[in-house]
2 protein chains.
Amino acid sequence: MAKRRSSSSRRPTLVDVAREANVSAITVSRTIRSPELVSQQMRTAVEEAIKKLGYHPDPAASALASKVTNNIALLLPSLTNTVFEDVLDGIYEGCEGTRYFIQIGDTRYSSLKEEALIESFLRQKPAGMIVTGFEQTEKAHAMLSAASCPVVQIMDYGEEPIDMAVGFDHEAAGYAAAVHLLECGYRRPGCLGARLDARSRRRLDGFRAACREAGVWDERRMVTTSQSSSVGLGRHLFEELLSRDEEVDAVFSNNDDLGIGVLMEAQRRMIPVPERLGICSFHDMEMTQHMFPSLTAVATPRNDIGKFAIKMLLDEIAEPQSVKQRSIDTGFKLIQRSSTRSLDRPE
Amino acid sequence: MAKRRSSSSRRPTLVDVAREANVSAITVSRTIRSPELVSQQMRTAVEEAIKKLGYHPDPAASALASKVTNNIALLLPSLTNTVFEDVLDGIYEGCEGTRYFIQIGDTRYSSLKEEALIESFLRQKPAGMIVTGFEQTEKAHAMLSAASCPVVQIMDYGEEPIDMAVGFDHEAAGYAAAVHLLECGYRRPGCLGARLDARSRRRLDGFRAACREAGVWDERRMVTTSQSSSVGLGRHLFEELLSRDEEVDAVFSNNDDLGIGVLMEAQRRMIPVPERLGICSFHDMEMTQHMFPSLTAVATPRNDIGKFAIKMLLDEIAEPQSVKQRSIDTGFKLIQRSSTRSLDRPE
DNA sequence: TTGTATGCGTTATCAC
DNA sequence: GTGATAACGCATACAA
C-alpha cells in the first residue's frame, strides 16, 4: 500500500565531519574538492571522518554557495527519434563515474521551445550545456553566449560555434549519397525527406546539388513533408514519388525509417532492389544492415558525437579554455550494401 | 572562438521583489507557491513587482531551505532500447508546463548500478522518483521505502508496489502470444529471448506454460541469450533455433527487433511467412506493422505507461496520499497481422 | 492574512 | 596550508 513518508534522521554535515576530524569545515570542503591544497595529515584525518560518518555533500547547499550545480543540460529535438538514442548513450557513457547528472529537455524541433528551455535550464546554473544544431533563436544564442558555463552544439558542423561544436557536414553527406547512386549507374534519382529541420534540409540540398551537376535532376522527384519520420511515412512518400515519376530508379531517404519503408513498399510492389530501384538510407542504425536486401546507407557517428561532446564539455568544465579544438568534424561514411548496384556488376 | 564567461550582473531576489512591492519576503514566497493564502491586494502588488523585476526563484536556495528540488529522478535500464523511448516521451509530455525536470539514470540492466543510482539520486532530494520494474536490491528497496518522495515503479504489474506502480503482466502477455500461435494451428512453436531481465523472462515463462498446457512444448525450442536485443541478434537466434529443430513452425520473439530479425532471416532462407513459419513479435513499435509481411505482435502501451506514471507522481507530489489507485494494470493487446495464419484460412 | 527571526549546508574571501 | 566569518536566497516556525 501507500508508503509512509518517513522523515529521515539528520544526515551528517560538513561541520559534523570537521568536528570528528578536529579541523575546520572549510578544510573538509577543500579535501573534497581540491585535495592538493590540503596537507597529507589533514587529508587522511578528514577522509577517515568522512568514511566513518558516511558523509555526502549536499548538492543544494553547494549550488547555493557556489552558483553552480552538477547538472549538465541537454537539449534534444526529439526523444523518440532513434538517431538521438545513440548520442544520448554516448553522453551517458562519458558521464559515468563523474559527479554530473544529465538533464534532458525535449524541444520537439521548435526553436521557440528550445529558447524557453534554455532560459529555464540556465536558471538552474548547470555546469555545462549541450544543444542540438546551430539554429537557435537570436535570444537563445545571446543567452548561451552570455552563459557562465561551457556550451557544446552537437550534430552539425560548419558554422562558427557559440562555444564548442561537434558534428558533421550534412550537405556533404547528402552530396555523397547522390554521388554513390550516380556511380552505380542510376539516372533518375529521387529523394525523400521528413521533418525537415535545418540539417535534414541541408542533406537534401547536397543531394540535389550533386544530381544537378550530373544533369539528372528533376525537382518532381523531391518528395518532402513536415511530418516526423517513420517507416509508414517512408512507404507513403515512396508511393507519392512513384506517382510523380513511375520510372524513378533510385531513392535517397533522409532517415533510416524512411529507407526501410521504401524497401518494404518496393517489396510489396515487387520492384526488384537493387536492379530496378536503388536505395540509399541515412544514419545507418543497426537494423539497416540486416534488412533483406541489406541497405546501403550513409553512416553517421552518433555515439561518437555524444562521446566527444561530453568529453569536451567535462574538460572545459574542469579547466576553462583548456579545450583547444573547439569545433570537431566527425565526418560520416557511405557504406555500400545490397540495396544499390555494385560497381563491379552494373546492370 | 572560445566565448568569454561573463559573470552576469546580479539577478533580483525575493528580497528585491519584496522591497519593490512593499511587503515582506515571505509574502512574495507565498504568492508564488500558495497564492490562495495571500490577499488579493498583496498578490497583485507582488505579481507586478515580479514582472517588473523579471524575478525568477533560485532553485538551489529553494532546495536548500525546503529540502526538496524540482527534479524527478527516472531510472531506466537502457537508453538505446526503443521500448523506453515511448515511455520517456509519455513522461516528458506529462511534465510539460510543470516546474519539474527529469533526471535520467541509466542502470544498464544492473540492479547494483540501479542501487548506486538510487542512492545518489535520492541525495539530491528529488520531488519524485520513477524506477523500472520490481527487481530492486534489498537495500535499494529499503531506500525507496524510506524515501521522503513518492515513487512509481513502471513497466511491470503484479507485485506489491513500494509506493505506486503502473505496467502490465508480462507472463500473461507471453501466454497470450502462445495461445494465438496455437489457435493459428502452429504446432512446433519456438521462442527467442534476449537480454533476459526479469520481465523478459516472465514473458518466456508465460509462453512456455501455454505451450506445455497444449502439449506442444519442447525446451530445445527456447533459445535465449544475455546479449542485448537487436535485429542482427534476432537473425542469429533464429538460425540457432533452426539448427535445434528444423521443423519449428512458429516463433515468438521477446522484442520487436528480434522479430524483425527472424523475418529477415526467413526471407533470406526463403521460408514462407506465415505459411511455413508464423512470427509473433513483442511490443509492436511503429515499424512492425509496415514490414512485409506485416508482423503480428503483442502491443504494449508504452506511452501510456509513461503518462500514467508521471500523472500519478505529480498528483501525489501535489497532495500526498491523494492517489487512490496505487497500482495500475495497463494491459496489452495482441494484434494479428500477416505474419501469422488467419483463423479463417488455416493452412 | 502578514511579518520576524532563524536555519538550511556549503563556499568565497580574506586573514593568519 | 588552515581557519574565522560572512554570504548564498529561500522557507519554516512561530508570533502578531
Side-chain angles (χ1 to χ4, degrees), chain A residues 7-47 49-50 53-71 99 122-125 127 148, chain B residues 5 7-47 49-50 53-71 99 122-125 127 148 317:
Chain A
S7 56
S8 56
S9 57
R10 195 172 144 288
R11 270 173 34 196
T13 73
L14 213 49
V15 177
D16 297 329
V17 176
R19 196 177 307 131
E20 176 74 28
N22 275 318
V23 299
S24 72
I26 188 69
T27 301
V28 178
S29 177
R30 273 198 278 255
T31 23
I32 292 172
R33 292 176 307 147
S34 18
E36 70 278 8
L37 298 181
V38 178
S39 70
Q40 191 56 256
Q41 278 194 356
M42 298 255 137
R43 203 189 311 175
T44 49
V46 169
E47 277 160 359
I50 287 179
L53 298 185
Y55 168 77
H56 288 285
D58 180 332
S62 168
L64 179 58
S66 71
K67 299 185 179 309
V68 189
T69 66
N70 290 330
N71 295 332
R99 60 193 169 132
L122 242 29
R123 201 167 293 140
Q124 303 225 59
K125 299 161 189 157
S148 54
Chain B
R5 301 283 149 66
S7 56
S8 54
S9 58
R10 194 171 146 288
R11 271 173 32 195
T13 73
L14 214 48
V15 176
D16 297 328
V17 178
R19 198 177 305 132
E20 175 75 28
N22 275 319
V23 300
S24 73
I26 188 64
T27 301
V28 178
S29 177
R30 274 199 276 256
T31 3
I32 293 172
R33 292 176 308 144
S34 17
E36 69 279 7
L37 298 181
V38 178
S39 70
Q40 190 56 256
Q41 278 194 354
M42 297 256 138
R43 205 190 310 177
T44 49
V46 170
E47 277 160 359
I50 288 179
L53 299 184
Y55 168 77
H56 288 284
D58 180 331
S62 167
L64 180 58
S66 71
K67 301 187 178 308
V68 190
T69 65
N70 291 330
N71 294 332
R99 59 193 169 134
L122 242 28
R123 201 167 295 142
Q124 304 224 59
K125 300 165 191 155
S148 54
I317 290 170

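Worth knowing before you read on, the calculation uses all heavy atoms, side chains too, and leaves out hydrogens, waters and symmetry mates.
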Return a single string for nucleotides 10-15 of chain D, one symbol per nucleotide in 5' to 3' order, where B is base contact, S is sugar-phosphate-only contact and - is none, cutoff 4.0 angstrom on heavy atoms. BSB---

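- Applying the 4.0 Å criterion to OP1 and OP2 of D:dG3, one finds that A:Thr27 has a side-chain N or O inside that range.
- Across all non-hydrogen atoms, the minimal contact from B:Pro57 to B:Arg11 is O-NH2, 3.9 Å.
- Minimum heavy-atom separation, A:Leu53 to A:Pro12: O-CG, 3.4 Å.
- Minimum interatomic distance between A:Thr27 and A:Met42 (heavy atoms only, all atoms of both residues): CG2-SD, 4.1 Å.
- Partners of B:Asp58 by salt bridge (Lys or Arg N to Asp or Glu O under 4.0 Å), not counting sequence neighbours, listed by chain and number: A:Lys125.
- Considering only side-chain atoms of B:Val23, the nucleotide from C:dG3, D:dG9, C:dT1 that sits closest is C:dG3.
- In this model, the phosphate group of C:dG9 is approached by a side-chain N or O of B:Lys67 to a distance below 4.0 Å at OP1 or OP2.
- Residues in residues 30-42 of chain B take part in these side chain to side chain donor-acceptor pair (under 3.5 Å) pairs, two or more places apart or across chains: B:Ser29-B:Arg33.
- Using a 4.5 Å heavy-atom cutoff, the side chains of A:Arg19 and A:Asp16 are in contact.
- With rounding to whole Å, A:Met42 atom CE is found 12 Å from D:dG1 atom P.
- The separation between A:Arg19 atom CZ and C:dG9 atom C1' is 13 Å, rounded to whole Å.
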